[in-house]
Every structure is written in C-alpha cells, then in structure tokens.
Amino acid sequence: MTRIAGDQTCGVIHANGQGRVTIPSPLRRATGVEPGTPLAVYEEDGRAVIETRAHLAERIRRDVAEAWTGEGSAVDELIADRRAESARDDAEEGS
C-alpha cells in the first residue's frame with residue numbers, strides 16, 4: 001500500500017478470471033470495511049467506484065441537504081410536473 005495526498009491509502013489490485021478483486025487489508029482497515037460489510041459498487045465517469053452503503057447514504061443525504069433551498073416541496077413539484085404532463089398529453093390527443 002502507498003500513502004498519497006497526506007492520508008489517502010491506495011494500491012493496485014487485479015481482477016481474477018471470474019472478475020473478483022480483493023481489497024488489501026490496509027485499505028479495508030482505513031475504510032472500516034469488515035467481513036460482511038455491505039458495499040455499493042457503481043460506474044461513475046468510466047470508473048468503478050466501491051463504497052460502503054452507509055457512506056453512500058450519508059453522501060446522498062449531504063448532497064440533498066446542500067441542494068435543498070428550503071423552499072417548496074419535492075412532492076408538490078412532482079405533482080405539478082405530472083399534471084402539466086397530463087395536460088400536454090390531453091392536448092395532443094385532442095388535436
């Protein structure tokens with residue numbers, strides 16, 4: 001394992017013939033990954049990203065909190081969007 005940018009731990013891993021990878025123990029320790037820890041795996045900008053589900057949920061909560069302006073309701077906006085879409089569909093069918 002290598003330390004970069006101060007406190008980041010990184011290394012090189014290889015996928016085996018079945019596509020499986022092993023996360024090195026220093027990286028598992030640094031990220032709190034223990035046997036049985038649920039992990040989320042997804043593609044982002046051409047990269048494979050692995051993070052704990054707890055970390056993913058916290059990141060989503062933080063992103064939503066930062067984006068929320070404190071005005072209006074997401075439910076009200078969704079209903080308004082659906083009503084507008086329905087009105088457009090009705091108008092198209094009536095043409």
Side-chain angles (χ1 to χ4, degrees):
M1 285 286 100
T2 306
R3 294 242 179 234
I4 60 170
D7 61 350
Q8 287 185 326
T9 301
C10 72
V12 176
I13 59 176
H14 300 275
N16 69 14
Q18 290 80 38
R20 295 182 179 132
V21 297
T22 300
I23 302 170
S25 59
L27 189 55
R28 290 193 315 268
R29 280 192 299 273
T31 57
V33 174
E34 298 179 3
T37 300
L39 300 172
V41 181
Y42 54 93
E43 180 273 335
E44 182 178 273
D45 298 326
R47 302 175 298 134
V49 179
I50 304 171
E51 63 184 324
T52 64
R53 286 181 15 193
H55 183 268
L56 174 61
E58 180 55 35
R59 190 168 50 79
I60 290 170
R61 280 187 208 100
R62 187 178 57 246
D63 290 350
V64 168
E66 289 173 3
W68 189 55
T69 62
E71 297 176 11
S73 162
V75 173
D76 291 341
E77 287 181 36
L78 179 61
I79 291 170
D81 287 345
R82 297 289 181 227
R83 286 183 178 153
E85 184 178 325
S86 179
R88 282 191 303 273
D89 291 346
D90 291 345
E92 288 176 8
E93 288 176 10
S95 300

Legend entry - Heavy-atom closest contact (A15 atom, V21 atom, distance): CA-CG1, 3.7 Å

Inset, instruction - Group every Ile, Leu, Val, Met, Phe, Trp and Tyr by side-chain heavy-atom contacts under 4.5 Å, then state whether Y42 and L39 land in the same group. - result: no

Inset, instruction - Answer yes or no: is there a side-chain heavy-atom contact under 4.5 Å between V12 and H14? - result: yes

Inset, instruction - Could you check if a side-chain atom of V75 sits within less than 4.5 angstrom of a side-chain atom of I79, using non-hydrogen atoms only? - result: yes

Legend entry - Separation between CD1 of I60 and CG of L56, rounded to the nearest 0.5 Å: 4.0 Å

Let me check something: any side-chain donor-acceptor pairs from residues 29-37 under 3.5 Å, sequence neighbours excluded? List them with distances.
unit_1, atom_1, unit_2, atom_2, d
T31, OG1, L27, O, 2.8
T31, OG1, R28, O, 3.4
T37, OG1, E34, N, 2.9
T37, OG1, E34, O, 2.7

Inset, instruction - State, yes or no, whether a side-chain contact exists between P24 and I13 at a heavy-atom distance under 4.5 Å. - result: yes

Legend entry - Pairwise distance CZ(R83) to CG(D90) - rounded to 0.5 angstrom: 13.0 Å

Legend entry - Selection residues 37-51 - residue pairs positive for salt bridge (Lys or Arg N to Asp or Glu O under 4.0 Å), sequence neighbours left out: E44-R47, E51-R59

Inset, instruction - State the CD1-NE2 distance between I50 and H55, to the nearest 0.5 angstrom. - result: 13.5 Å

